[in-house]
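Sequence positions, counted from 1, serve as the residue numbers for this chain. One-based numbering, in listed order, for ligands and for the atoms of each.
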Amino acid sequence: MKILIDDADLKKIEEFFDMYPYDGVTTNPTILSKTGNPDPMDQLKKIAALMPEGTDLHAQVLSTSAEDMVKEAKYMTDVLGGGKINMFVKIPATPEGLKAMAMAAKEGVNVTATAIYGVMPAFMAAKAGAKYLAPYVNRLDVLGYDGVKIAIDIHNCVKAAGYEAEVLGASFKNSQQILEMAKAGCGAVTVGSEPLAKLAFNQVAEEAVNVFINDFENCCGKGKTMLDF
Ligand code: E4P
């Protein structure tokens with residue numbers, strides 16, 4: 001399962017890639033607005049520049065008519081794609097968005113269907129040629145639905161129908177929601193900075209390591225490692 005960074009802050013993105021080989025970066029207009037950069041294409045170019053080769057960048061269109069969404073998607077693909085990263089354009093899974101997805105996919109745009117709040121819009125997006133389907137897991141939970149179940153239902157329906165689309169689970173607040181995606185065989189998740197930093201963090205593990213270092217230093221000397229012997 002791919003794990004992507006759901007953030008547009010250059011420093012944070014750099015730090016995350018430095019720590020672990022993540023599979024890419026996703027943004028949405030809200031995430032981009034939080035950087036304070038009034039030129040979102042400039043911000044996306046800067047993000048793409050610091051991403052490792054072969055990783056995926058997802059960014060969203062703002063247009064509201066299908067024809068304009070396609071124009072915007074092609075523009076974003078032309079400007080941001082074609083280099084070392086794989087460019088995916090996020091189009092909302094609304095009726096107008098679904099129309100745009102079919103047109104954009106035919107023109108060679110890598111489409112990610114976003115703002116998915118149900119199984120049926122996701123299924124239709126897969127049928128329209130989207131490569132990734134992004135259900136908003138935690139936002140669904142907040143609305144009183146079972147976000148994890150909806151994401152897994154999407155995965156199962158799409159696989160049963162033989163479409164190439166993969167679930168890109170989005171909007172997570174904790175590791176458990178992400179673990180369920182992995183157990184079900186979902187293709188990808190995108191995770192915001194806070195839950196991302198905690199995916200592999202365990203206070204007990206930190207304490208266990210500190211005990212090992214302490215015991216070793218008591219015997220062999222302060223600050224010593226195997227390199228000293
Ligand atoms: C990603 O594509 C979504 O826009 C994002 O994960 C939404 O996350 P949020 O619910 O934390 O805003």
Side-chain angles (χ1 to χ4, degrees), residues 1-9 12-13 16 22-37 40 43-44 47-48 51 55-64 69 72-73 76-77 80 85-94 97-98 100-101 104 109-119 121-122 125-126 128 130-152 154-155 158 165-182 184 186-199:
M1 181 175 78
K2 287 186 177 183
I3 304 179
L4 290 89
I5 304 161
D6 201 19
D7 207 313
D9 181 279
K12 279 192 204 155
I13 290 170
F16 276 118
Y22 288 102
D23 298 289
V25 173
T26 59
T27 66
N28 64 33
T30 302
I31 291 171
L32 279 170
S33 74
K34 285 183 185 155
T35 66
N37 186 343
Q43 189 71 16
L44 287 165
I47 292 171
M51 288 169 60
T55 56
D56 302 340
L57 175 61
H58 299 243
Q60 191 167 329
V61 296
L62 272 302
S63 301
T64 50
M69 285 184 204
E72 202 177 343
M76 290 165 77
T77 302
L80 299 163
I85 55 114
N86 310 309
M87 184 62 203
F88 291 84
V89 180
K90 293 168 73 178
I91 299 179
T94 56
L98 288 164
M101 284 177 208
V109 172
N110 294 325
V111 173
T112 296
T114 194
I116 292 178
Y117 286 84
V119 180
K131 294 197 168 154
Y132 281 105
L133 312 167
Y136 285 4
V137 173
N138 196 69
R139 291 196 198 190
L140 280 159
D141 286 355
V142 169
L143 290 173
Y145 300 102
D146 185 339
V148 163
K149 183 176 181 308
I150 288 172
I152 293 172
I154 293 170
H155 171 77
V158 164
E166 292 286 350
V167 164
L168 166 63
S171 176
F172 294 105
K173 286 294 161 279
N174 61 61
S175 296
Q176 179 60 26
Q177 293 165 328
I178 295 161
L179 177 60
E180 295 303 326
M181 299 290 105
C186 293
V189 289
T190 184
V191 189
S193 302
E194 257 185 61
L196 195 61
K198 290 184 186 149
L199 283 188

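- No part of Phe172 comes within 4.0 Å of ligand 1, judged by heavy-atom distances.
- Counting protein heavy atoms only, atom 6 (O) of ligand 1 is closest to Asp6 OD2, 2.6 Å.
- Inspection of the Tyr136 and Thr114 side chains reveals an N or O donor paired with an N or O acceptor under 3.5 Å.
- Using a 30° and 60° split on the angle between ring planes, His58 and Phe88 fall in the parallel class, below 30°.
- Residue Tyr136 places at least one N or O, backbone or side chain, under 3.5 Å from an N or O of ligand 1.
- Side-chain contact between Gln176 and Val148: absent, with no pair of heavy atoms (C-beta onward) separated by less than 4.5 Å.
- Contacts with ligand 1 closer than 4.0 Å are made by no heavy atom of Ala134, backbone or side chain.
- In this structure the side chain of Val119 reaches within 4.5 angstrom of the side chain of Ile150, judged on heavy atoms.
- For ligand 1, the atoms sitting less than 4.0 Å from at least one non-hydrogen atom of Asn28 are 3 (C), 4 (O), 5 (C), numbered in the order shown with element in parentheses.
- Within a 6.0 Å sphere centred on NZ of Lys149, other residues, nucleotides and ligands contribute 12 heavy atoms or fewer.
- Residue Thr27 has no nitrogen or oxygen atom sitting less than 3.5 Å from a nitrogen or oxygen atom of ligand 1, judged on distance alone.
- With rounding to the nearest 0.5 Å, the separation of CD1 in Ile13 from CD1 in Ile47 is 4.0 Å.
- Ligand 1 lies nowhere less than 4.0 angstrom from a heavy atom belonging to His58.
- Summary of contacts: the protein heavy atom closest to atom 2 (O) of ligand 1 is Lys90 NZ, 2.6 Å.
- Residues Val167 and Val158 have side chains not in contact (no heavy-atom distance under 4.5 Å, counting atoms from C-beta outward).
- With respect to atom 11 (O) of ligand 1, the closest heavy atom belonging to the protein is Lys173 NZ, 3.1 Å.
- Of all the atoms in ligand 1, the ones that sit under 4.0 Å from a non-hydrogen atom of Arg139 are 7 (C), 9 (P), 10 (O), 12 (O).
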